[in-house]
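Below: the structure, in structure tokens.
In this chain, residues are counted from 1 in sequence order. Keep in mind it's a predicted model, so treat the numbers as computed, not measured.
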Amino acid sequence: MPRKLHIAHSECPYHVTARSHDGVWFQISISKTWEIMTDYLYFIQRAYKVKIHSFVLMSNHFHLLISTPEANISAAMNYFMRETSKEINRISGKKNQVYGGRYYRSIIKCDLHFQHVYKYIYRNPISANLTPDCESYRYSTLHGLLGKSPLYIPLEDDHLLFGEGNLSSALVWLNTPPNLQNYEILRKALRRKILKFPRNRSGDCRHTLEMHSF
């Protein structure tokens with residue numbers, strides 16, 4: 001069966017994620033995997049003119065917040081997945097399947113949804129019990145944005161972190177745990193091609209995540 005036609009969006013950002021084959025650790029150290037992915041994010045930012053907003057690498061998957069002004073998400077991500085696979089196999093000395101399949105993408109159509117996804121991505125290491133706070137996790141663009149490590153991924157200006165001129169408040173917001181039910185609702189919503197929340201069960205009204213911060 002042929003794939004459904006995907007209409008690429010040039011204005012809306014995407015949440016993109018991909019998991020390693022069988023959900024196990026990538027074949028090489030996470031530090032080396034980070035280095036490889038950093039290099040290729042740098043390349044696609046230049047070659048495909050994408051806008052990178054945030055990136056977090058976990059032991060067996062990654063989360064990327066990205067915009068594609070030239071509506072070329074497929075070309076950029078196919079290149080990224082193919083070349084990082086080749087490099088991981090080259091360094092590991094293996095010829096294994098690196099990723100478990102295609103990447104998943106979800107279009108983000110409003111600023112509030114963008115905030116939800118931004119926080120979700122940077123809180124991923126906390127959710128996995130890898131760090132006590134967002135800013136301490138080494139394999140995250142947040143770590144570099146705060147000057148804790150070199151940052152080679154060319155990011156767009158981060159208005160959520162620095163826009164209001166109160167970095168402390170932004171970090172408090174990031175490190176404040178969301179309601180667990182809302183967390184699960186957002187996680188499921190990110191499986192959709194377009195991020196969308198269900199109606200409230202209490203009536204025909206918008207879900208709280210359509211109106212308030214995550």
Side-chain angles (χ1 to χ4, degrees), residues 12-19 26 29-39 41-42 44-45 50-67 104-191 195 197 207-214:
C12 299
Y14 292 85
H15 169 260
V16 178
T17 186
R19 187 169 293 274
F26 285 106
S29 69
I30 190 169
S31 59
K32 193 62 183 177
T33 305
W34 171 261
E35 182 180 323
I36 291 168
M37 291 190 177
T38 295
D39 286 346
L41 285 173
Y42 180 93
I44 66 169
Q45 193 273 340
V50 301
K51 296 181 178 181
I52 299 171
H53 306 285
S54 64
F55 179 73
V56 169
L57 173 64
M58 305 293 284
S59 62
N60 63 359
H61 67 282
F62 67 77
H63 293 275
L64 173 66
L65 192 51
I66 186 172
S67 298
Y104 294 91
R105 59 193 173 200
S106 183
I107 300 169
I108 303 163
K109 287 202 162 184
C110 73
D111 290 341
L112 185 58
H113 289 183
F114 184 94
Q115 292 177 31
H116 295 336
V117 177
Y118 176 95
K119 182 172 178 176
Y120 173 83
I121 289 175
Y122 278 145
R123 284 191 59 82
N124 222 249
I126 295 179
S127 300
N129 296 315
L130 297 177
T131 181
D133 52 60
C134 298
E135 60 268 30
S136 296
Y137 187 65
R138 172 66 180 78
Y139 306 108
S140 164
T141 48
L142 182 63
H143 199 265
L145 278 171
L146 297 175
K148 294 176 176 289
S149 60
L151 180 61
Y152 301 113
I153 300 171
L155 296 182
E156 293 298 297
D157 290 342
D158 192 321
H159 299 294
L160 289 177
L161 196 62
F162 302 113
E164 297 299 322
N166 193 339
L167 177 60
S168 297
S169 295
L171 291 176
V172 168
W173 168 67
L174 281 175
N175 286 308
T176 300
N179 174 282
L180 288 178
Q181 183 179 12
N182 285 343
Y183 176 86
E184 285 302 311
I185 288 171
L186 175 58
R187 191 172 64 84
K188 290 178 181 178
L190 286 171
R191 297 174 185 171
L195 193 153
F197 299 112
H207 191 276
T208 182
L209 289 174
E210 297 283 7
M211 299 178 287
H212 302 291
S213 183
F214 177 58

Heavy atoms, side chains only, cut-off 4.5 Å: are Ile121 and His15 in contact? yes
I need the minimum non-hydrogen distance between Met58 and Ala128, along with the two atoms involved. CE-CB, 3.6 Å
Side chain proximity check, Tyr139 to Met37, heavy atoms < 4.5 angstrom: no
Determine yes or no for a side-chain-to-main-chain donor-acceptor pair under 3.5 angstrom, with Lys119 supplying the side chain and Thr176 the backbone. yes
Is there a donor-acceptor contact under 3.5 Å from the side chain of Asp157 to the main chain of His159? no
Mind checking whether Asp133 and Leu171 have side chains closer than 4.5 Å, heavy atoms only? no
Distance col, row Ser31:OG vs Ile36:CD1, nearest 0.5 angstrom, shows 9.5 Å
Quick check: do Leu186 and Phe197 have side-chain heavy atoms less than 4.5 Å from each other? yes
Decide yes or no for Leu64 and Tyr14: does some side-chain heavy atom of the first lie under 4.5 Å from some side-chain heavy atom of the second? no
With rounding to the nearest 0.5 angstrom, report the CG to NZ distance, Leu142 to Lys148. 9.0 Å
In this structure, SG of Cys110 is separated from CD of Gln115 (nearest 0.5 Å) by 8.5 Å
Quick one: pull up OG in Ser54 and CG in Leu145 and give me the separation to the nearest 0.5 Å. 9.0 Å
For a quick test of reading the model, state the closest non-hydrogen atom pair linking Leu209 to Asn182 and the distance between them. CD1-O, 3.7 Å
Given side chains that start at C-beta, do those of Leu65 and Tyr118 come closer than 4.5 Å, heavy atoms only? yes
Taken to the nearest 0.5 Å, the spacing of Leu155 CG from Thr141 OG1 works out to 5.0 Å
Smallest separation among heavy atoms of Ile52 and Pro154, with atom names: CB-O, 4.0 Å
Taking all heavy atoms of Glu135 and all of Leu146, pick out the closest pair and write down the distance. CB-CD1, 3.3 Å
When the aromatic ring centroids of Trp34 and Phe55 are compared, is their separation below 6.0 Å? yes
Backbone N or O of Asn175 within a donor-acceptor pair of the Arg123 side chain at under 3.5 Å? yes
Determine whether Cys12 and Ile108 make a side-chain contact, defined as any pair of heavy atoms from C-beta on separated by less than 4.5 Å. no
Has Thr17 got a side-chain atom pairing as donor or acceptor with Phe62's backbone, closer than 3.5 angstrom? yes
What class does the angle between the rings of Tyr183 and Tyr120 fall in, given that below 30° is parallel, 30 to 60° is tilted and above 60° is perpendicular? tilted
Distance in Å, Phe114 CZ paired with Phe214 CZ, rounded so as to fall on 0.5 Å steps: 14.5 Å
Kindly indicate whether the side chain of Tyr104, heavy atoms from C-beta on, has any atom under 4.5 Å from the side chain of Leu190. no
Would a distance-only check, ignoring hydrogens and angles, find a side-chain to backbone donor-acceptor pair under 3.5 Å from Ser106 to Leu195? yes
Using modelled atom types and a 3.5 Å cut-off, is there a donor and acceptor pairing between side-chain atoms of His63 and backbone atoms of Asn124? no
Leu161 versus Ala170, closest heavy-atom pair with distance: O-CB, 3.8 Å
Is it the case that more than 12 heavy atoms not belonging to Tyr152 sit under 6.0 Å from its OH atom? no
Test log, rule side chain to side chain contact (heavy atoms under 4.5 Å, CB included), inputs Cys134 and Ile126: CA-CA 7 Å; Cys134 298; Ile126 295 179; 3.6 Å; yes
